[in-house]
Amino acid sequence: MIPLHLSPEARAAQDAGAPLVALESTIITHGMPWPQNVETARAVEAEVRDAGAVPATIAVLDGRLHVGLTDDELTALARAEDVAKLSRADIAAALAAGKTGATTVAATMIAAHAAGIAVFATGGIGGVHRGAETSFDISADLRELAETPVTVVAAGAKAILDIPKTLEVLETLGVPVIAFGQDDFPAFWSRSAGLPAPLRLDSAAEIAGAARMRAALGLRGGQLVANPIPAADEIAADIMARAIDTATAEAAAQGVSGKAVTPFLLDRIFQLTEGRSLTANIALVLNNARLAAAIAADLAAPGAGAEGRTR
Ligand code: PSU
Ligand code: MN
């Protein structure tokens with residue numbers, strides 16, 4: 001038995017067949033500083049509700065897999081220090097031992113699927129790190145997208161990653177990478193990574209339709225929807241490049257490895273850009289929450305909404 005614990009709101013949505021959107025918790029504990037982390041988590045949940053779906057933030061609390069958190073649970077998690085970061089490799093051990101931890105994209109996909117949730121919104125996914133040819137640092141998020149049938153809405157991949165290699169690995173794994181409303185693959189803080197995305201779709205209904213068709217074909221795995229940051233919130237790639245280069249060099253010099261790499265880089269980039277990176281990060285997560293809600297609505301009631309077009 002999976003020690004699943006649905007929040008009352010998530011349980012009611014599930015019983016009514018209402019659309020649900022999963023949200024991850026590593027972005028809260030390891031991706032943003034306090035108190036912006038909890039403020040953003042609340043704002044993202046509100047955005048999902050405004051767009052007509054029900055949010056379910058996912059985390060492991062005292063050995064239970066929580067799908068939907070109360071505000072007290074969310075606040076405690078956001079405040080806590082040294083929270084474990086749980087991915088595919090460690091979520092089962094943490095649950096079995098009664099521990100607490102935040103879920104990455106990979107672990108959140110596993111939990112969402114276990115709870116029957118097909119759509120998940122976040123900021124950025126993990127991927128192939130720069131220098132992976134020597135470090136072998138490739139996020140378990142990529143394999144998860146190939147295994148678990150959840151549509152993940154992100155703003156592309158951060159330039160802390162090697163974006164061309166990340167796209168190559170996703171292609172090898174047979175993961176659909178869908179740019180929303182444009183041809184280019186977006187690069188988190190900027191709307192274009194300067195290279196085309198493998199697929200382009202222009203409405204939430206089409207993205208939901210593609211997910212349904214994958215299921216009909218019996219194809220395992222999910223979809224990655226790459227939703228560009230709103231133009232008003234974009235930071236030009238060359239402005240970010242210096243902070244990323246500095247942070248990456250520091251990580252190498254300090255021998256940061258394994259699951260510490262991504263949080264280390266995110267924190268240093270926040271400091272080096274004096275918080276500018278965070279403002280953009282918050283805007284793009286909200287934008288992704290809206291699109292994910294529209295996709296979930298279409299999956300719950302195909303063709304019902306004109307909300308499919310979010311802009
Ligand atoms: N990228 C971001 N923000 C994040 C993360 C990645 O721009 O918060 C988090 C996500 O939870 C993601 C995880 O699943 O880091 C990837 O970690 P790793 O590279 O160790 O797999
Ligand atoms: Mn890694």
Side-chain angles (χ1 to χ4, degrees), residues 22-34 36-38 40-41 44 57-60 77-78 83-91 101-112 120-148 150 152-163 165-166 169-170 175 186-190 193 222 224 226-227 229 235 240 243-244 247-248 251-252 255-270 273 277-285 287-288:
L23 302 165
E24 62 153 312
S25 44
T26 296
I27 189 174
I28 301 171
T29 56
H30 294 71
M32 291 185 184
W34 171 269
Q36 289 95 337
N37 59 352
V38 72
T40 304
V44 170
T57 302
I58 289 176
V60 172
L77 193 69
V83 179
K85 173 183 162 189
L86 305 175
S87 189
R88 165 175 274 260
D90 26 40
I91 186 169
T103 51
T104 63
V105 168
T108 304
M109 289 178 75
I110 292 167
F120 163 18
T122 187
I125 60 157
V128 181
H129 278 267
R130 296 190 192 180
E133 57 274 27
T134 51
S135 69
F136 278 46
D137 189 348
I138 302 176
S139 174
D141 291 353
L142 301 184
R143 268 286 311 275
E144 204 61 52
L145 282 160
E147 290 287 332
T148 303
V150 172
V152 178
V153 182
K158 278 187 176 153
I160 58 171
L161 302 173
D162 185 322
I163 294 176
K165 286 195 184 72
T166 299
V169 169
L170 287 166
V175 175
F188 202 84
W189 293 291
S190 40
L224 176 61
N227 187 25
I229 184 171
I235 307 178
M240 294 308 301
I244 293 167
T248 308
V256 180
S257 68
K259 61 169 70 187
V261 172
T262 299
F264 177 91
L265 294 175
L266 297 181
D267 182 51
R268 284 301 289 141
I269 289 166
F270 169 72
T273 62
S277 64
L278 183 60
T279 312
N281 199 342
I282 294 167
L284 65 85
V285 183
N287 190 45
N288 295 344

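Both counts, for ligands and for their atoms, begin at 1 and track the order of listing. Worth saying up front: this structure is predicted, and the values here are computed from it rather than measured.
Distances shorter than 2.8 Å separate the Mn ion (ligand 2) from the protein N/O/S atoms Asp137 OD1.
Of the possible polar contacts, one joining the Lys85 side chain to the Lys259 backbone as a donor-acceptor pair under 3.5 Å is found. The closest donor-acceptor contact from the side chain of Trp189 to the backbone of Ser277 lies under 3.5 Å. A donor-acceptor distance shorter than 3.5 angstrom exists from the side chain of Asn37 to the backbone of Ala78, with no hydrogens or angles considered. Judged by distance alone, with hydrogens and angles left aside, the side-chain atoms of Ser25 form no donor-acceptor pair with the main-chain N or O of Ala102 at under 3.5 Å. In this structure a side-chain-to-backbone donor-acceptor pair under 3.5 Å is missing from Lys165 to Ala132.
In this structure, His129 has a heavy atom closer than 4.0 Å to ligand 1. Under a 4.0 Å heavy-atom criterion, Lys85 is in contact with ligand 1.
Here the heavy atom of the protein found nearest to atom 12 (C) of ligand 1 is Asp141 OD2, 3.3 Å. Nearest protein heavy-atom neighbour of atom 9 (C) of ligand 1: Thr26 CG2, 4.1 Å. The single protein non-hydrogen atom nearest to atom 11 (O) of ligand 1 is Glu24 OE1, 2.6 Å, given as residue, atom name and distance. Ranking the protein heavy atoms by distance from atom 19 (O) of ligand 1 puts Thr262 OG1, 2.8 Å first. Among all non-hydrogen protein atoms, the one lying nearest atom 2 (C) of ligand 1 is Lys158 NZ, 3.6 Å.
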Using side chain to side chain contact (heavy atoms under 4.5 Å, CB included), reason through Leu142 and Val175 one step at a time and then give a plain yes or no.
CA-CA 8 Å; Leu142 301 184; Val175 175; over 6 Å; no

Determine whether Phe120 and Val105 satisfy the following criterion, side chain to side chain contact (heavy atoms under 4.5 Å, CB included), listing intermediate values before the conclusion.
CA-CA 9 Å; Phe120 163 18; Val105 168; 3.8 Å; yes

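Ala84 pairs by the side chain to side chain contact (heavy atoms under 4.5 Å, CB included) definition with Leu86, not counting sequence neighbours.
Contact detail for Ala140 and Ser87: the closest heavy-atom pair is CB-OG, 3.7 Å. Across Leu265 and Ala251, no two heavy atoms sit closer than the pair CD2-CB, 4.0 Å.
Considering only non-hydrogen atoms, atom 5 (C) of ligand 1 lies nearest to Gly124 out of Gly31, Ala154, Gly124, Ser25. In this structure, of Gly127, Ser139, Gly258, Gly156, the residue bringing a heavy atom nearest to atom 21 (O) of ligand 1 is Ser139.
Residue Leu266 touches ligand 1 through its side chain alone, judged by heavy-atom distances below 4.0 Å. If you look at Thr104 next to ligand 1, the close heavy atoms, those under 4.0 Å, come from the backbone and the side chain alike.
Remark: of the listed residues Thr262, Thr248, Thr166, Asp162, Thr262 is the sole one forming a side-chain hydrogen bond (donor to acceptor under 3.5 Å, both in side chains) with His129.
Taking a cut-off of under 4.0 Å to the non-hydrogen atoms of Phe188, the atoms of ligand 1 that pass are 7 (O).
Judged purely by distance below 3.5 Å, without hydrogens or angles, the side chains of Glu144 and Thr148 pair a donor atom with an acceptor atom.
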